[in-house]
Amino acid sequence: MKQLSLLDDAIRLSGVMVAIKTAMRDAAGAPEGEGRKMLADRLNEIAQRAGIKLTGGNTLSISKATLDKWLAPSDTSHLPSILALLAFCRATGNVEPIRVAAQALGLDLMTEEDKKLRDYGAAVLEMKAARQRKRRLEEDL
């Protein structure tokens, strides 16, 4: 794994919350109408089932207004916690906000299909290496 310099870290992390909030806003859809209210309700339901708090305060649930603050890129005083971000991704069925966070660290997420393709590629390489070993053994006979 490549080690990042402090400068690389600063550059990658400087705009990460804006990028995460943008990905969250894209996943949440339009602010008008009932969609965001329903999303806040889904977030609260997920948090209740998981036994987690979505905010740092004493409140056990979030309102649409809090959700809107999380999604506002210019609002740097209302940031979702990592648990809130995970609940948000679960509620929307969209992992792009987590992908953005991972990419800030130089990582990426793998889908189940990506894993299958990785495993297939590894199996192909193993078979090729085994054929080469077999060919060398045959030459020694």
Side-chain angles (χ1 to χ4, degrees), residues 1-140:
M1 182 174 175
K2 177 184 145 193
Q3 184 174 347
L4 299 175
S5 72
L6 291 176
L7 182 59
D8 288 339
D9 287 343
I11 290 169
R12 285 180 191 246
L13 297 178
S14 65
V16 73
M17 276 315 300
V18 171
I20 289 171
K21 285 182 163 214
T22 299
M24 289 175 72
R25 194 173 56 256
D26 291 346
E32 64 278 345
E34 290 296 310
R36 290 246 180 119
K37 172 68 175 112
M38 289 172 45
L39 178 54
D41 292 342
R42 280 198 309 271
L43 279 165
N44 291 325
E45 180 184 326
I46 288 169
Q48 181 183 20
R49 279 187 288 154
I52 61 171
K53 289 184 357 178
L54 296 173
T55 63
N58 293 330
T59 308
L60 295 178
S61 62
I62 64 160
S63 64
K64 180 187 175 296
T66 299
L67 178 60
D68 288 338
K69 289 177 185 176
W70 284 355
L71 302 179
S74 61
D75 187 344
T76 57
S77 62
H78 293 91
L79 304 175
S81 67
I82 189 68
L83 288 175
L85 187 59
L86 293 171
F88 179 89
C89 290
R90 174 71 68 192
T92 61
N94 185 322
V95 297
E96 194 59 26
I98 294 291
R99 182 183 308 280
V100 169
Q103 288 172 342
L105 298 172
L107 306 172
D108 205 347
L109 304 181
M110 291 180 73
T111 64
E112 287 301 317
E113 181 160 342
D114 293 335
K115 289 178 189 176
K116 288 177 186 175
L117 291 171
R118 176 207 55 201
D119 293 345
Y120 176 79
V124 168
L125 291 174
E126 288 171 13
M127 286 175 38
K128 184 176 179 180
R131 279 195 302 270
Q132 288 174 347
R133 281 192 310 273
K134 178 184 170 198
R135 192 173 17 250
R136 275 181 271 167
L137 290 169
E138 288 172 345
E139 289 171 358
D140 290 344

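Note that the structure is predicted; figures quoted are calculated from it, not measured.
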Point-to-point distance, once rounded to the nearest 0.5 Å, from [atom1] of [X] to [atom2] of [Y]:
X      : Y      : atom1 : atom2 : value
Leu107 : Gln103 : CG    : CD    : 9.0 Å
Asn44  : Arg49  : CG    : CZ    : 11.5 Å
Asp140 : Glu138 : CG    : CD    : 10.5 Å
Leu43  : Ile62  : CG    : CD1   : 4.5 Å
Ile52  : Ser81  : CD1   : OG    : 7.0 Å

Under a 4.5 Å cut-off applied to non-hydrogen side-chain atoms, are [X] and [Y] in contact?
X     : Y     : answer
Gln48 : Leu60 : no
Ser63 : Lys69 : no
Lys37 : Leu67 : no

_Minimum-distance pair of heavy atoms, taken over all atoms of Gly29 and Arg36_ =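 Smallest heavy-atom distance, with atoms named: O-NH2, 3.0 Å.
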*Closest non-hydrogen atom pair, Ala28 against Leu39*: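 In terms of heavy atoms, the two residues are closest at CB-CD2, 3.6 Å.
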*Criterion side-chain contact (heavy atoms from CB on, under 4.5 Å) on Thr55 and Trp70, from CA distance to verdict*: CA-CA 11 Å; Thr55 63; Trp70 284 355; 4.3 Å; yes
*asked:* Apply salt bridge (charged side-chain N to carboxylate O under 4.0 Å, His left out) to residues Arg135 and Glu139 and explain how you reach the verdict.
replied: CA-CA 6 Å; Arg135 192 173 17 250; Glu139 289 171 358; 5.2 Å; no
*Taking only Lys NZ, Arg NE, NH1 and NH2, and the carboxylate oxygens of Asp or Glu, determine whether Lys115 and Glu112 approach each other closer than 4.0 Å.*
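Yes, Lys115 and Glu112 are salt-bridged.
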*asked:* What I want to find out is whether Lys64 reaches Asp68 closely enough, with some N-O distance under 4.0 Å, to be called a salt bridge.
replied: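 Judged by the 4.0 Å cut-off on N to carboxylate O distance, Lys64 and Asp68 do form a salt bridge.
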_Check whether Lys21 reaches the backbone of Leu71 with its side chain - one donor and one acceptor, N or O, closer than 3.5 Å._
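Checking the backbone N and O of Leu71 against the side chain of Lys21, no donor-acceptor pair under 3.5 Å is found.
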*Any donor and acceptor pair, going by atom type alone, linking the side chain of Asp114 with main-chain N or O of Thr111 inside 3.5 Å?*
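Side chain of Asp114 to backbone of Thr111, a donor-acceptor pair under 3.5 Å: yes, one is there.
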*Just wondering, are more than 12 heavy atoms of other shown residues or ligands nearer than 6.0 Å to CE in Met110?*
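Yes, enclosed.
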Sequence neighbours left out, cut at 3.5 Å: what donor-acceptor pairs do the side chains of residues 89-99 make with other protein atoms?
{"from": "Thr92", "atom 1": "OG1", "to": "Phe88", "atom 2": "O", "distance (Å)": "3.0"}
{"from": "Thr92", "atom 1": "OG1", "to": "Cys89", "atom 2": "O", "distance (Å)": "3.4"}
{"from": "Thr92", "atom 1": "OG1", "to": "Asn94", "atom 2": "N", "distance (Å)": "3.2"}
{"from": "Asn94", "atom 1": "OD1", "to": "Glu96", "atom 2": "N", "distance (Å)": "2.8"}
{"from": "Glu96", "atom 1": "OE1", "to": "Arg99", "atom 2": "NE", "distance (Å)": "3.3"}
{"from": "Arg99", "atom 1": "NH1", "to": "Asp108", "atom 2": "OD1", "distance (Å)": "2.7"}
{"from": "Arg99", "atom 1": "NH1", "to": "Leu109", "atom 2": "O", "distance (Å)": "3.3"}

Can you give the donor-acceptor pairs under 3.5 Å from side chains of residues 119-126 to other protein atoms, not counting sequence neighbours?
none

*Asp75-Ser77 side chain donor-acceptor pair, cut-off 3.5 Å*: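 There is such a pair (donor and acceptor under 3.5 Å, judged by atom type) between the side chains of Asp75 and Ser77.
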